[in-house]
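Everything quoted here is computed from the prediction, not taken from an experiment.
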Amino acid sequence: MFPRIVITSLFLTSGPTELESVLRNLDYNRCLFESFASIAKRLDCSGIWWDTISIPADDDLRRTAINNMHQNYQNAKYTVLNDRYQLDFEWTEDGAPCLALVLSPWLTRGWTALELIMSSTVKILFKGHTKDKLLIKDLDDDILAKDPASYTRGHWIASTIIHRLRRDIQNVSDLVAVLRPRNTSWARDRLMIATLLSGIDVDYKLQPHEITKKVMDRVAKLNPASLHHGQPTITAFGGWSWCPISLDDMPAENLGDLTEEGLVGDNTCVIDRNGILTGCWYWRPLEKQDSMAGQLIPNSYHISVILGIRGAIRRRERCILLRDNNMGGGPALIVIPVGREGEYIHVKFAGSVHEVSSRCGRFDDRFGFNWFRLGAREDAKEAKAVRFQDSPSKPKKSSSKSFSWLCGKIWMGDQERTGNLLLARETKNDGIIEGYSLKIFQRQDVETHGQRQKYRVGLLDEPLFCVWAKSGQGVNGKDSDSTIEIRRMKPENSWPPESVPAFERVYNTSHDYHSSNLFRFRNGPSRSIYPAIGPKYFIPDGKHPYRGFWIVSSPHQQPSVALFYQAYHQSLEAIALTGNKDMPRGAVHFIVKDLVQSRNTTTVKENVEDVQS
């Protein structure tokens with residue numbers, strides 16, 4: 001296919017029109033076409049795709065063209081932004097053009113998100129220093145800041161906003177965060193763009209709730225914060241009873257513009273094809289004071305939603321409060337338990353509330369931690385919440401004098417991008433605990449015959465640390481100038497992400513417990529946090545045969561270790577525990593929503609190698 005450019009603009013037209021209507025002002029459009037042709041020639045391209053004259057008005061043809069429109073941006077050599085706001089802005093080298101782009105009306109269009117995500121190379125036209133000279137600037141090479149140290153703060157923040165728009169969509173909350181600021185687009189257009197970004201073709205004559213379900217079914221992941229929508233749901237009970245009618249009704253979680261790209265964040269929820277939502281939360285049963293006026297305030301303006309939440313709170317013995325952390329106060333969910341299946345508590349969704357608590361911002365030891373499945377049937381019998389407190393996850397007190405708790409566990413480090421996996425063992429005679437990093441080695445005992453390289457996991461020859469088992473203090477050795485310290489931690493807010501299965505997490509508070517499943521390692525100026533990964537998340541069984549640690553490799557990336565995690569027996573998610581420059585630790589390699597029906601099952605088996613043995 002010959003190289004071509006795609007023209008994107010704001011001022012040319014308010015929407016796609018037929019060629020005949022465009023050519024009414026023939027001289028004006030001939031001038032534009034000649035201008036675009038000269039730009040294509042300067043970029044060494046011989047073709048132009050311009051939505052103004054390329055998308056027909058006939059309903060059937062238009063539907064087909066829109067379903068395939070993202071391929072034009074994907075296949076084009078360049079996407080060229082021809083916007084009046086930038087054409088009136090004279091190019092400078094001080095970062096101002098990047099700010100102008102972020103503040104331009106073009107960035108408020110819904111289709112902008114599709115264009116930025118699908119386009120490999122974006123060129124933007126700016127006013128030159130001479131009257132008739134247009135400057136063509138590359139978005140990545142000329143406009144965006146490369147790092148925060150070498151550019152102004154405003155330039156860096158503007159660049160991260162655009163980087164955020166260009167990231168791949170990994171969950172529904174990402175999708176909403178991208179589309180919500182598109183305030184000059186119709187709600188219907190935002191739904192259409194959501195389907196294209198999700199990679200699905202739909203009939204746009206469908207109702208909004210049907211399109212929403214198709215997008216949810218395809219993307220299959222959701223940040224828990226997106227459940228605080230306060231809107232009427234698609235169904236009252238069963239599947240989709242937690243989901244608002246339209247994606248536009250779902251809150252856009254503010255993950256920040258300066259967060260590290262590729263982190264999983266709080267993506268704990270998985271959606272199955274029946275609309276059942278599975279996720280993990282901190283939780284506690286409602287207490288008597290919770291039913292008092294002003295303690296749990298419904299997060300909604302809809303009277304039907306408010307009455308439903310208040311009705312559930314009146315039956316407080318049968319209600320559970322879900323939170324993303326174990327702090328008092330703030331946003332929470334009200335759910336009604338109906339039973340337990342294995343490690344999952346099945347619940348009905350009541351709604352979102354704001355908890356008013358005297359412990360606001362402080363650790364609340366009433367919270368446990370568990371897995372929940374939202375979407376129980378209407379006829380499911382409600383149960384008392386206290387029945388499910390049989391195995392609270394609150395860490396137990398244990399002696400800080402012995403550090404033998406380091407042994408027999410797999411520890412996950414928070415080193416930036418790369419991460420680290422660690423095993424510790426105690427020598428029998430001298431009472432020393434040695435901590436060894438895991439490393440991926442190429443297997444030399446297997447002939448590859450030109451095929452994919454084989455790998456194995458082993459321990460490095462030299463330990464990362466040697467500490468006395470009784471005190472945790474470093475043992476002086478050949479690296480005696482380095483101060484080594486192992487210190488048990490209180491669960492405080494830092495690491496790991498909620499979506500990575502671990503015994504404990506770190507939150508910005510303190511309390512009386514020092515965990516045996518979380519420690520801080522200091523080696524001179526270097527500091528790292530290591531949580532233990534729970535065995536039930538990596539030991540396979542009959543219902544979860546893929547659980548475990550696997551090596552993930554590709555021709556263009558360094559191999560890394562991933563946790564194959566099955567939230568329930570039909571799902572599979574691969575989370576990077578170690579990483580590289582292309583795939584940082586904490587990132588999601590892939591998701592298989594239904595192992596029984598998904599064709600991706602074969603692909604999973606062919607592209608990863610089990611390392612449990």
Could you walk me through whether Gln442 and Tyr455 pass side chain to side chain contact (heavy atoms under 4.5 Å, CB included), step by step?
-> CA-CA 4 Å; Gln442 291 188 3; Tyr455 298 96; 3.8 Å; yes
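- More than 12 heavy-atom neighbours from other residues, nucleotides or ligands sit within 6.0 angstrom of CG on Asp141.
- For the pair Leu101/Leu139, a side-chain contact is recorded, criterion being any heavy-atom separation below 4.5 Å from C-beta on.
- Atoms CG and OH, on Leu421 and Tyr530 in that order, are 9.0 Å from each other to the nearest 0.5 Å.
- With sequence neighbours left out, Glu287 forms a salt bridge (Lys or Arg N to Asp or Glu O under 4.0 Å) with Arg366.
- Annotation: the span from Arg425 atom CZ to Leu423 atom CG amounts to 9.5 Å, rounded to 0.5 Å.
- A donor-acceptor pair is defined here as one N or O able to donate and one able to accept, closer than 3.5 Å; no such pair exists between the side chain of Glu573 and the backbone of Val588.
- Side-chain atoms of Leu374 and Leu227, non-hydrogen and from C-beta on, do get closer than 4.5 Å to each other.
- Between Gln566 and Pro545, the shortest heavy-atom distance links the atoms OE1-N, 3.3 Å.
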Is there a ring pair (Phe, Tyr, Trp, His ring centres under 6.0 Å) between Phe519 and Trp411 once you walk through the steps?
-> CA-CA 9 Å; Phe519 72 88; Trp411 302 91; 4.8 Å; yes
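- Scanning both residues, Pro584 and Ala576, for their nearest heavy atoms gives O-CB, 3.8 Å.
- Of all heavy-atom pairs spanning Gly275 and Trp242, the tightest one is O-NE1, 2.8 Å.
- Partners of Val353 according to the side chain to side chain contact (heavy atoms under 4.5 Å, CB included) rule, which considers only residues two or more places apart in sequence or in another chain, are Leu296, Ile309, Leu321, Ala332, Ile334.
- The distance from atom CD1 of Ile433 to atom SG of Cys407, rounded to the nearest 0.5 Å, is 4.5 Å.
- Taking the side chain as every heavy atom from C-beta outward, Ile551 and Val457 approach each other to under 4.5 Å.
- Taking both residues in full, the closest heavy atoms of Ala145 and His163 are given as O-NE2, 4.3 Å, listed atom of the first, atom of the second, then distance.
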Take Val335 and Trp281 through the side chain to side chain contact (heavy atoms under 4.5 Å, CB included) test and state the conclusion after the steps.
-> CA-CA 12 Å; Val335 296; Trp281 283 270; over 6 Å; no
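- Arg373 pairs in a side-chain contact (heavy atoms from CB on, under 4.5 Å) with only one of the listed residues (Ile276, Ile345, Leu277, Val347), which is Ile276.
- Looking at Cys98 and Ile162, their side chains come closer than 4.5 Å, going by heavy atoms from C-beta outward.
- Under the ring-ring contact (aromatic ring centres under 6.0 Å, His included) criterion, Tyr436 pairs with no residue at all, not counting sequence neighbours.
- By the side chain to side chain contact (heavy atoms under 4.5 Å, CB included) test, Asp142 is found to be paired with Trp91, Lys137, Asp138, residues two or more places apart in sequence or in another chain being considered.
- The line from CG of Leu563 to OH of Tyr537 is 10.5 Å long, rounded to the nearest 0.5 Å.
- Remark: Arg323 is not positioned above the aromatic ring of Tyr282, lacking an NZ or CZ atom under 6.0 angstrom from the ring centre and at most 45 degrees off the axis.
- A donor-acceptor pair under 3.5 Å is formed between the side chain of Thr578 and the backbone N or O of Val561.
- No side-chain donor-acceptor contact under 3.5 Å links Lys409 to the backbone of Leu422.
- Nearest heavy-atom pair, Asp324 versus Pro224, reported as atom, atom and distance to 0.1 Å: OD1-CB, 3.5 Å.
- Proximity of the aromatic rings of Trp371 and Tyr565 is defined here by a centroid distance below 6.0 angstrom, and this criterion is met.
- Expressed to the nearest 0.5 Å, how far OG of Ser159 lies from NZ of Lys146 amounts to 8.0 Å.
- For the ring-ring contact (aromatic ring centres under 6.0 Å, His included) test, residues two or more places apart in sequence or in another chain that qualify with His155 are Tyr151.
- Between Phe564 and Phe590, the gap from one ring centroid to the other is short of 6.0 Å.
- Pro531 has its side chain out of reach of Asn517: every pair of non-hydrogen atoms, C-beta onward, lies at least 4.5 Å apart.
- No side-chain heavy atom of Gln415 sits less than 4.5 Å from a side-chain heavy atom of Arg585.
- Judged by distance alone, the side chain of Asn420 and the main-chain N or O of Gly413 form no donor-acceptor pair under 3.5 Å.
- Checked against the 6.0 Å centroid criterion, the rings of Phe388 and Trp283 do not qualify as a close aromatic pair.
- Residue Arg527 holds its CZ atom at 12.5 Å from CG of Asp414, rounded to the nearest 0.5 Å.
- Enclosure of atom CD in Glu343 by more than 12 non-hydrogen atoms of other residues, nucleotides or ligands within 6.0 angstrom is indicated.
- Residues Phe549 and Ile533 meet the side-chain proximity criterion, which asks for heavy atoms closer than 4.5 Å.
- In this structure a side-chain-to-backbone donor-acceptor pair under 3.5 Å is missing from Asp249 to Pro244.
- Between the side chain of Ser352 and the backbone N or O of His228, no donor-acceptor pair lies under 3.5 Å.
- Looking at Phe372 and Ile320, their side chains come closer than 4.5 Å, going by heavy atoms from C-beta outward.
- Residues satisfying the salt bridge (Lys or Arg N to Asp or Glu O under 4.0 Å) test with Arg284, not counting sequence neighbours, are Asp290, Glu355.
- Closest heavy-atom contact between Arg340 and Asn370: NH1-ND2, 3.6 Å.
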